[in-house]
Amino acid sequence: FSGPHGPLDLLAAEWIRQTESTLWMACYLEPRGPVAIELARLAVGGKDVRLIMDADASRRKTNWPNFYVQKRPKNGRMHHKFMVRDGSEVLASSYNFTQGKGNADFMMSVKSRPVVSKFRSEFLRLEKLPNVAAPLKGKKATNLIRAAKRKAGKNAFISQVEARFKQRGFLTVRETAALRKIKKKK
């Protein structure tokens, strides 16, 4: 348990750091602070990292890598706050993984197979919900960059986006929207 300024973000980050191969996370709000840093570190390190977040919860566009997705359940908000590590352990919490202050929250780690199985099943169910926003990859991304270049000619923003796309293999939601806006200009 933690009071208003407790160490839950540090405990969650340490728990994430122990991931060997896979980390699946379902959360309402966009992770921030130590939790976000550890998620990014895992993704860059080639681990299977999947993040599902409620579509309405993010108050700003994000630049999460390609494991970032937003989902919108049909009957309300996705208010989950759990992680499944390596398919064998769950971290469940009332904590939003955002370095929030002012709430008394709990967090617990569970290794019970039946419990872990329920959380794995719920995560897989959530993954099947329709994406509200997802990164653009492959030919669609390449074609959008080309179309924006044709419309705008030499453009520093497009060059930067193209360089990032070549490096990481996808366009963020924000980049996709900006390029589409350029493409539509007369």
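Quick note: residue numbers are just sequence positions, from 1.
Side-chain contact between F165 and T142 is present, with at least one heavy-atom pair separated by less than 4.5 Å. A heavy-atom distance below 4.5 Å is found between the side chains of K149 and E162. When side chains are defined from C-beta on, F119 does not count as touching V110, because their heavy atoms never get closer than 4.5 Å. With contacts defined as side-chain heavy-atom distances shorter than 4.5 Å, the pair L23/W15 qualifies. No side-chain heavy atom of S88 sits less than 4.5 Å from a side-chain heavy atom of K111.
Pairing each heavy atom of A148 with each of I158, the nearest pair is O-CD1, 3.5 Å. Of all heavy-atom pairs between G87 and V116, the closest is O-CG1, 3.5 Å.
A distance-only check finds no donor-acceptor pair linking the side chain of S117 to the backbone of R113 [under 3.5 Å]. Side-chain N or O atoms of S94 include none that pairs as donor or acceptor with a backbone N or O of D105 at under 3.5 Å. Side chain of D86 to backbone of T22: a donor-acceptor contact under 3.5 angstrom is found. No donor-acceptor pair under 3.5 Å is formed between the side chain of R85 and the backbone N or O of L91. At least one donor-acceptor pair under 3.5 Å links the side chain of N155 to the backbone N or O of F157.
Atom CZ in F106 sits 10.0 Å away from atom CG in L8 (nearest 0.5 Å).
Using bins of under 30°, 30° to 60° and over 60° for the plane-to-plane angle, the ring pair F123/F82 lands in the perpendicular bin.
Evaluation of the side chain to side chain donor-acceptor pair (under 3.5 Å) rule for N143 yields no partner, not counting sequence neighbours.
Each of L51, I52, I16 was scored for a side chain to side chain contact (heavy atoms under 4.5 Å, CB included) with M25, with one residue passing: L51.
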Could you list the donor-acceptor pairs under 3.5 angstrom formed by side chains in residues 36-49, with sequence neighbours left out?
from: E38; atom 1: OE1; to: R41; atom 2: NE; distance (Å): 2.7
from: E38; atom 1: OE1; to: R41; atom 2: NH2; distance (Å): 3.0
from: E38; atom 1: OE2; to: R17; atom 2: NE; distance (Å): 3.3
from: E38; atom 1: OE2; to: R17; atom 2: NH2; distance (Å): 3.2
from: K47; atom 1: NZ; to: E20; atom 2: O; distance (Å): 3.1
from: D48; atom 1: OD1; to: R50; atom 2: NE; distance (Å): 3.2
from: D48; atom 1: OD2; to: R50; atom 2: NH2; distance (Å): 3.2

Mind running side-chain contact (heavy atoms from CB on, under 4.5 Å) on M108 and S93 for me, showing each step along the way?
-> CA-CA 6 Å; M108 65 180 175; S93 179; over 6 Å; no
